[in-house]
Amino acid sequence: TTAFTEGNNVTSTPVLIDSAITLTDVDSSTLVSATVRITGNFRGDQDVLAFTNNGSSMGDITATYNAGNAVLTLTSSGGTATVAQWQAALRAVTYTNTSDTPNTANREISFAVNDGSSFSNAGIKTVSVAAVNDSPIVTASGGTTTFTEGNNTPSTPVLIDIGVTLSDVDSNTLVSATVSITGGFQGAQDVLAFTNNGVSMGNINAVYSPGNGVLTLTSSGGTATVAQWQTALRAVTYTNSSDTPDTANRTISFAVNDGSADSNAGTRIVSVASVNDSPIVTASGGTTTFTEGNNVTSTPVVVDNGITVADADSSTLASATVSITTGFESTEDTLAFSNTSSSLYGDLSASYSAGVLTLTSSSGTATMAQWQAALRTVTYTNSSDTPNTGDRTISFSVNDGIADSNAGTKTVTVEAVNDTPVVVSPIPNQITLEDAPFSFQFNANAFADADDALTYTAQLTGGAALPTWLSFD
């Protein structure tokens, strides 16, 4: 028996049917023709017999194959080929099978020759046919998929390969698949995921192992079709959970299994782009109350002693601004910061102009904690004795050297206080003679009031009314 084995996703290799067949003719040194025929279990859509003259030891023998009746006919023009040449030719006849699911019944192959007068007996050879499971094939679409980190939001997963294709020439279902990060894997960052859409993905589900970067997909009972598996693999996503992702390319490998054999690995590259996360300012909310001083310089109030500052991918900041964005009175309002401790505030300094307080770190080394501590000590004050009592909106914003934060806002209410009148020039004691007329007028600048016009009254020390002989107008 000669063994023929089907090729696995390649054209099957023809086999020599009988490399030891012998021919004899006791009264002729030449032969005219020969036939090689599949006489048992012929499959017309699968079986092929063939012969190729090697050009050296086979004379002028040529052959034609009739696929309808499985007969390979060999001839020698003029009947000049010798018995030895015919023997060499028949030893070179091959069998192959073109099917990916060949019928595995044995084929009976018969050889016969003709010397121009009569046919020989039929020499029989058996060819066994072994079918091979063709491994499924994965074809990635090539190229690169770009993943971009989110800015202070969960990153958006990307479809890794919407053009990946699957095929299996001898099976219309698959059992499982794996999608693996085989290059650049970062276990603390990388995530592969799959969600069945419930429509075109059969009963496929998936489990991801963050320890090795492998997403395993399975079909219970192995019932999902190749088309459903292809749709599922096209829906697999990559994302990165880090605020400072490793930007090396990830190699993603797709492989499937038909229950007997794994496919090849189709690969796709995912590039990872890191994005600077903008810093975040969170004001504490509520209202801060400023109260004007009564004939004294007003006491500044801390605008927001609960403000917080964060930056997911930076431990330092470049600058900050605190601005009066609503209700600003240029002749009244002042914002201030004083660095009283390098351990608390680093090398931060501030300058104020037109409602905007700008804070900077000359070396760029002030930490997030130092910036937060500094912003919590920023003060508001009002220099007027008759302040505008409209609310002030104070906006805090920071910059990490690349991007501005959001603006955190705090409201400052302004309360005016009635300034008590004061004696500017004390009135000296007056002396008059008994029974003599008396008149006195005090200096117009003897009294002052910072926020009101004055009216005057007079009474005795202790609060009693003036005597009838003394009047005040």
Side-chain angles (χ1 to χ4, degrees), residues 147-157 189 239-245 247 272-290 300-330 333-339 344-381 390-414:
F147 167 83
T148 303
E149 173 205 352
N151 182 354
N152 288 318
T153 60
S155 299
T156 301
Q189 303 179 5
T239 193
N240 193 299
S241 61
S242 176
D243 287 307
T244 55
T247 56
V272 177
S274 178
V275 170
N276 174 60
D277 291 278
S278 304
I280 297 174
V281 173
T282 306
S284 63
T287 300
T288 297
T289 300
F290 167 82
V301 292
V302 172
V303 179
D304 191 346
N305 63 9
I307 193 168
T308 60
V309 181
D311 194 313
D313 56 7
S314 179
S315 61
T316 61
L317 296 172
S319 63
T321 58
V322 185
S323 310
I324 303 173
T325 51
T326 301
F328 175 55
E329 295 291 335
S330 61
D333 299 333
T334 302
L335 299 174
F337 162 75
S338 178
N339 189 330
L344 288 178
Y345 311 123
D347 63 352
L348 296 179
S349 60
S351 61
Y352 177 71
S353 175
V356 178
L357 181 72
T358 302
L359 297 89
T360 57
S361 168
S362 60
S363 64
T365 59
T367 66
M368 201 67 58
Q370 289 170 333
W371 278 100
Q372 180 172 282
L375 293 182
R376 288 181 173 184
T377 65
V378 171
T379 60
Y380 167 84
T381 194
D391 288 349
R392 310 304 198 264
T393 301
I394 313 296
S395 297
F396 295 80
S397 178
V398 297
N399 182 286
D400 61 6
I402 299 174
D404 289 326
S405 71
N406 62 307
T409 61
K410 183 82 171 184
T411 297
V412 173
T413 61
V414 177

> Mind checking whether Arg376 and Thr308 have side chains closer than 4.5 Å, heavy atoms only?
Replying inline: yes
> At their closest point, which heavy atom of Asn339 faces which heavy atom of Gly346, and how far apart are they?
Replying inline: ND2-O, 3.2 Å
> Which heavy atom in Val322 sits nearest to a heavy atom in Leu335, and how many Å separate them?
Replying inline: O-CD1, 3.3 Å
> Which residue pairs pass the side chain to side chain donor-acceptor pair (under 3.5 Å) test when at least one of the two sits in residues 357-366, sequence neighbours left out?
Replying inline: Asp347-Ser361, Asp347-Ser362, Asp347-Ser363, Ser363-Thr365
>> I'd like to know if the side chain of Thr393 and the backbone of Thr325 have a donor-acceptor N/O pair within less than 3.5 Å.
In response: no
> So, does Glu149 use its side chain to make a donor-acceptor pair with the main chain of Val275 at under 3.5 Å?
Replying inline: yes
> Which atom pair, heavy atoms only, marks the closest approach of Leu348 to Ala374?
Replying inline: CD1-CB, 3.4 Å
> Considering residues at least two apart in sequence or located in another chain, which fulfil the ring-ring contact (aromatic ring centres under 6.0 Å, His included) criterion with Tyr345?
Replying inline: Phe337
> Would you say Ile307 and Val281 make side-chain contact, with heavy atoms under 4.5 Å?
Replying inline: yes
>> Ignoring hydrogens, what is the shortest heavy-atom contact between Trp371 and Ser319? Give both atom names and the distance.
In response: CH2-CA, 3.5 Å
>> Test your reading of the model: is there a side-chain donor-acceptor pair from Asp304 to the backbone of Ser284, 3.5 Å cut-off?
In response: yes
>> Working to the nearest 0.5 angstrom, can you tell me the gap between Gln189 CD and Thr239 OG1?
In response: 11.0 Å
> Which heavy atom in Ser405 sits nearest to a heavy atom in Pro279, and how many Å separate them?
Replying inline: CB-O, 3.0 Å
> What distance separates Thr244 OG1 from Asn276 CG, expressed to the nearest 0.5 Å?
Replying inline: 11.5 Å
> Is Asn152 reaching over with its side chain to a backbone N or O of Ser278, donor-acceptor style, under 3.5 angstrom?
Replying inline: yes
> Which heavy-atom pair separates Asp400 from Asp311 by the least distance, and what is that distance?
Replying inline: OD2-OD2, 3.2 Å
>> Can you confirm whether the side chains of Asn240 and Ser155 place a donor and an acceptor under 3.5 Å from each other?
In response: no
>> I'd like to know if the side chain of Asp313 and the backbone of Asp277 have a donor-acceptor N/O pair within less than 3.5 Å.
In response: yes
>> Can you confirm whether Ser314 sits close enough to Thr316 that some side-chain heavy atom of one is under 4.5 Å from a side-chain heavy atom of the other?
In response: yes
> Under the criterion side chain to side chain contact (heavy atoms under 4.5 Å, CB included), which of Ile394, Leu357, Val356 is the partner of Ile324?
Replying inline: Ile394
> Sequence neighbours excluded, which residues qualify as ring-ring contact (aromatic ring centres under 6.0 Å, His included) partners of Phe290?
Replying inline: Tyr380
> Is there a side-chain contact between Val302 and Thr377, using heavy atoms and a 4.5 Å cut-off?
Replying inline: no
> Roughly how far apart are Leu375 CG and Phe396 CZ, rounded to 0.5 Å?
Replying inline: 6.5 Å
> Are the side chain of Thr288 and the backbone N or O of Val303 linked by a donor-acceptor pair below 3.5 Å?
Replying inline: yes
>> For the residue pair Thr409 / Ser395, report whether a side-chain donor-acceptor contact shorter than 3.5 Å exists.
In response: no
